[in-house]
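These numbers come from a predicted model, not from an experiment.
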Amino acid sequence: MAEHEFEEEEFSTQFNGGTFRRILAQVQPHWRWVVGFLVAVAVTSILDAYFTFLSKRIVDDGIVAGDRVILTRTLITYGSLIVVQALSVLAFVYLAGVLGERVQYDLRRKLFNHLQDLSFSYFSRTPVGWIMSRVSSDSERIAMLVTWGMLDVTWAIMNIITSLIFMARINWRLSLIVVVLLPLLFVVAVHFKTRIIAQFRNVRKLNSKITGEYNQNITGVRVVKALGREEANLAEFDALAGDMYRASYRAAWLSALFLPVVQLISALAVGAVVLYGGRQAQLGGMTIGAIQAFVSYITFMMWPIQDLARVYADMQQAIASAERTFSLLDAKPEVADRREAFDPGTLRGDIEFDHVDFWYEADKPVLTDFTLRVKQGETIALVGATGGGKSTIVNLACRFYEPKAGAIRIGGADYTRLTQHAIHSRLGVVLQTPHLFSGSIRENIRYGRLDASDAEVETAAQLAGAHDFIVQLEGGYAAEVGEGGNRLSVGQKQLISLARAVLAQPEIFVMDEATSSVDTVTEALIQRGMETLMQGRTSFVIAHRLSTIKRASRILVIEGGRIAEQGTHAELLRARGHYYQLYTQQFRKERAAEYELANLAVN
């Protein structure tokens, strides 16, 4: 699609301390691992600095002075500490790996659980690709920052501190030259900060759109190929990919420029030290080993500063990712349980719409002052033109959405006083486009009631009319349905969905145009399964084929969010109103189609 209706929140280009604190808070539950990790990194860094100091002693006190005892003792100390450092490196690498996986696991679990709580409205306006990008790549980038990023920062800071301490011990005047140059590095970092983070935010935004394009083109591949949309889709994708390339290029250029600037400042520091140290050596104020150690400490300190620059650039990406990830976690469900919400144990009772108003967009009302009373065990069929409000009525009855005004009562109680689980766990829904999960047929039917036995699964399939086609498949109930059920026909998927609903034994049953895309034989099977399931249950049937609702307790003709007519099939035909016109028009079309097929068969 060329136009993207979904626009994610725009974030400021300034560093967000609140977001950074939330990133660090991800490791709080694992603080013991963090402490061990930081101690191991600190030990490694301190030993690195001490090894340079030992090198000075080896040169000055051992080699130049010719003292073999000191030389031997220093070498033994050096070798012993190498073993200790190896163990500390092993510890922090292991702890960083484990900590990263735990943070990523926790974050993805939070995101998944939060997605279960969000309302239908959130998913209707948010692309799947955007959500998938938050759960996958963005959560991984956050985990990398709080583990390997923390490792690099800790190691760098410890190296800088220990280097300054040992440099001051060697020559405090010379160390002041280095200290003066450090603020210059800070100024450089501040200069690059805003520009880098702005580009990375743009990259993350474009990445979400690209992921969404992948999702749409893969899931809609049949439509794409049928309509010959490959070239047009490629052109639209190229535009998005080009924008992301240019934004990534600018971000990479700024990040790459950051490092040479740091190296230039490092070179100035080394040059100043060599110049001043050389003069001091001529005057006898510094030894050769001291100058060598001092230059090593500068290099030893400047490399961590360059690492900090790299981590800083990575942090901009992580913050850009975190802002979007936390925006998902901060999204509030429009339908939420009240504090005093309870589970009544049953949904038996009349369902009443009391002067209900509802809209998806405030300036486009769908239902206005809608009133309806559905008796316990009644089967209500909803018919009418597309966009009239049929699905909205059912979605409100199921509490997938809540009224903007008015009230809906179940058994005389306002259903907002009930928990969502109390309502949703007692619903059975079969949609026009059935959804099956990857796995076997048995697993998909058992999704209706996870503790059901194999015998109960097969009984449900028999009642729904699905058993006969299932046993003819290779593998029977163990047959794999494929991604989204793509190994089965639409009719077969509908029968499995119906079997799933039968197994759940719902108290309220919803059939949303489930026979509109199937042949007449499958329609008859679905119809029998529906009649079995609807016995004694309050049921809502949204019908496209009017022949499937002749036995409904009451048929409602919905037009413009209002009930234009209602009654039984016979009553509405006798009234010769809207329903009569819809039914006779559809009847003529079906007969005309049958006549044309008959003529083709004869010819």
Around [X], counting heavy atoms of other residues, nucleotides and ligands shown, do more than 12 lie under 6.0 Å from its [atom1]?
X: His114; atom1: NE2; result: yes
X: Phe342; atom1: CZ; result: yes
X: Phe469; atom1: CZ; result: yes
X: Arg551; atom1: CZ; result: no
X: Phe437; atom1: CZ; result: yes
X: Gln116; atom1: CD; result: yes
X: Lys375; atom1: NZ; result: no
X: Met132; atom1: CE; result: no

* Given the rule in the ring-ring contact (aromatic ring centres under 6.0 Å, His included) test, do Phe370 and Phe358 qualify, once you have shown the distances and angles that lead to the verdict? -> CA-CA 9 Å; Phe370 183 82; Phe358 183 80; over 10 Å; no
Donor-acceptor pair, distance only, cut-off 3.5 Å: does the side chain of [X] make one with the backbone of [Y]?
X: Ser553; Y: Thr379; result: yes
X: Arg399; Y: Leu418; result: yes
X: Glu559; Y: Ala564; result: no
X: Asp350; Y: Gln376; result: yes
X: Gln26; Y: Leu107; result: no
X: Lys550; Y: Ala570; result: no
X: Lys493; Y: Leu436; result: no
X: Gln104; Y: Ala143; result: no

For [X] and [Y], work out which heavy atoms get closest and say how close.
X: Ala504; Y: Gly448; value: CB-O, 3.4 Å
X: Arg554; Y: Val374; value: NH2-CA, 4.0 Å
X: Val335; Y: Gln420; value: O-NE2, 3.2 Å
X: Ala464; Y: Val502; value: CB-CG2, 4.3 Å
X: Leu118; Y: Ala331; value: CD2-O, 3.4 Å
X: Asp343; Y: Arg426; value: OD1-NH1, 3.1 Å

Within-4.5 Å side-chain heavy-atom neighbours: [X] and [Y]:
X: Glu140; Y: Arg108; value: yes
X: Asp512; Y: Ser391; value: yes
X: Leu115; Y: Leu328; value: yes
X: Met511; Y: Ser539; value: no
X: Glu458; Y: Arg442; value: yes
X: Asn444; Y: Arg500; value: yes
X: Ile508; Y: Cys398; value: no
X: Ile555; Y: Tyr583; value: no

Straight-line distance of [X] [atom1] to [Y] [atom2], nearest 0.5 Å:
X: Ile408; Y: Asp414; atom1: CD1; atom2: CG; answer: 8.5 Å
X: Thr325; Y: Asp330; atom1: OG1; atom2: CG; answer: 10.5 Å
X: Ile380; Y: Ile542; atom1: CD1; atom2: CD1; answer: 12.5 Å
X: Ser139; Y: Leu329; atom1: OG; atom2: CG; answer: 10.0 Å
X: Ile23; Y: Arg21; atom1: CD1; atom2: CZ; answer: 11.5 Å
X: Leu111; Y: Ile131; atom1: CG; atom2: CD1; answer: 10.0 Å

* To do: Only one of Arg417, Arg373, Glu352 passes side chain to side chain contact (heavy atoms under 4.5 Å, CB included) with Arg409; say which it is.
  => Glu352
* **Working for side-chain contact (heavy atoms from CB on, under 4.5 Å), residues Leu556 and Ile393** => CA-CA 11 Å; Leu556 308 182; Ile393 293 170; 6.0 Å; no
* Asked: In terms of ring plane angle, is the pair His467 and Tyr477 parallel, tilted or perpendicular, where the classes change at 30° and 60°?
  ->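 Geometry flag for Tyr477 against His467: tilted rings.
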* Asked: When the ring planes of Tyr401 and Tyr360 are compared, do they come out parallel, tilted or perpendicular, using 30° and 60° as the limits?
  ->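 Rings of Tyr401 and Tyr360: perpendicular, as their planes differ by over 60°.
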* Is Asp454 salt-bridged to Arg446, cutoff N-O under 4.0 Å? ->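 Yes.
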* SB check Glu480 Arg487 (cutoff 4.0 Å) -> no
* Please assess Val510 against Val430 for the test side-chain contact (heavy atoms from CB on, under 4.5 Å), listing each intermediate value before the final yes or no. => CA-CA 6 Å; Val510 174; Val430 179; over 6 Å; no
* To do: Assess Arg537 against Phe509: is NZ or CZ under 6.0 Å from the centre of the six-membered ring, and within 45 degrees of the ring's axis?
  => no
